[in-house]
Amino acid sequence: METLPEVFKKNYPNCRCIIDCTEIRAEQPKTVEQRVCMYSHYKGGYTIKVLVAITPNGMVSFLSKSYGGRSSDSYITNDSGFLNKLEPGDQVLADKGFPGIKTGVDGQNSILVIPPMLHNGRFTEEEVLSTYNVASVRIHIERLFARLKTFNVLNKITSDLLVYIDNILFICCVLVNLSNPIIKQ
């Protein structure tokens with residue numbers, strides 16, 4: 001808590017991590033089973049998807065195994081073992097794609113912070129402020145994903161690299177952690 005960046009101290013003093021999933025394009029798999037599992041409607045192609053958690057200071061603290069692009073963010077989070085790492089009182093910041101993990105986070109006596117969902121066609125002033133506050137700190141995980149994808153090996157994964165993808169992603173995350181900080185004090 002002493003090293004928590006200033007941007008978190010006001011609204012998220014108990015923030016343990018920011019989570020999100022990212023997709024990496026892959027070559028069309030050889031088998032029909034793999035094609036079904038890896039096709040991402042969101043990206044309009046074949047992808048590998050992983051859950052990443054970063055600490056408030058921008059360091060990768062959790063990387064899931066890889067999943068096919070068809071997997072939902074909530075499914076990956078619930079299946080990956082991430083929720084078992086939470087401690088009581090931890091705040092987890094996520095985007096609107098994670099409502100399916102609320103029960104699991106609550107089960108760890110932790111707090112899930114996601115922007116409010118739109119209802120009645122308009123946000124209240126409080127909901128607009130809440131959305132802005134979450135987005136202002138969640139941007140750091142998007143910056144980390146941009147840095148992670150600067151390694152040309154992740155531009156498009158060929159079929160022969162699929163068996164090594166978890167190790168490749170792990171090494172890329174280590175390299176990102178060894179780089180200049182995402183969040184500067």
Classify the ring geometry of His140 against Phe8: parallel below 30°, tilted from 30° to 60°, perpendicular beyond 60°. tilted

Could you tell me whether a side-chain N or O of Thr55 sits under 3.5 Å from a main-chain N or O of Met59, the two making a donor and an acceptor? yes

Side-chain (Arg143) to main-chain (Ile182) donor-acceptor, under 3.5 angstrom: yes

Separation between OG (Ser66) and CD (Glu23), nearest 0.5 Å, reads 12.5 Å

Could you walk me through whether Asp73 and Lys49 pass the salt bridge (Lys or Arg N to Asp or Glu O under 4.0 Å) check? CA-CA 9 Å; Asp73 294 356; Lys49 196 170 185 181; 2.8 Å; yes

Tell me, do Ile168 and Leu161 make a side-chain contact under 4.5 Å, heavy atoms counted? yes

Donor-acceptor pair between Glu127 and Ser130 side chains, under 3.5 angstrom: no

Interatomic distance, CD1@Ile24 vs CG@Leu154, rounded to 0.5 Å, equals 5.0 Å

Calculate, to the nearest 0.5 Å, the distance between atoms OG and CD1 belonging to Ser61 and Ile54 respectively. 8.0 Å

Quick one: does Asp90's side chain have a donor or acceptor within less than 3.5 Å of a partner on Glu87's backbone? yes

Does a sphere of radius 6.0 Å around CZ in Arg70 hold more than 12 heavy atoms from other residues, nucleotides or ligands, not counting ones at 6.0 Å or beyond? no

Is a side-chain donor or acceptor of Thr47 paired with a backbone partner of Lys43 at a separation under 3.5 angstrom? no

Without hydrogens or angle criteria, can the side chains of Glu27 and Thr158 be said to hold a donor-acceptor pair below 3.5 Å? no

Does the side chain of Asp79 come under 3.5 Å of the side chain of Tyr67 through a donor N or O and an acceptor N or O? yes

Are the side chain of Asn78 and the backbone N or O of Gly100 linked by a donor-acceptor pair below 3.5 Å? yes

Can a side-chain donor-acceptor contact be found between Lys149 and Thr22 if the only test is distance below 3.5 angstrom? yes

Can you tell me how far apart CD1 (Ile76) and CZ (Phe82) are? Round to the nearest 0.5 Å. 13.0 Å

Search all heavy atoms of Gly89 against all heavy atoms of Ile111 and return the closest pair with its distance. O-CD1, 4.1 Å

Within a strict 4.5 Å, meaning less than it, do heavy atoms of the Ile48 and Met38 side chains meet? yes

From Ile157 atom CD1 to Ile165 atom CD1, the distance as rounded to the nearest 0.5 Å: 3.5 Å

Within a radius of less than 6.0 Å around NZ of Lys9, do more than 12 heavy atoms belonging to other residues, nucleotides or ligands occur? yes

How long is the span from the CZ atom in Arg16 to the CG atom in Leu86, to the nearest 0.5 Å? 8.5 Å

Side chains of Pro56 and Ile18, heavy atoms from C-beta outward: is any pair under 4.5 Å? no

Do Ile19 and Leu51 touch side chain to side chain, with heavy atoms closer than 4.5 Å? yes

Test item: Tyr12 side-chain N/O and Val134 main-chain N/O as donor-acceptor pair under 3.5 Å: yes

Step by step, work out the side-chain contact (heavy atoms from CB on, under 4.5 Å) result for Val113 and Val92. CA-CA 6 Å; Val113 179; Val92 178; over 6 Å; no

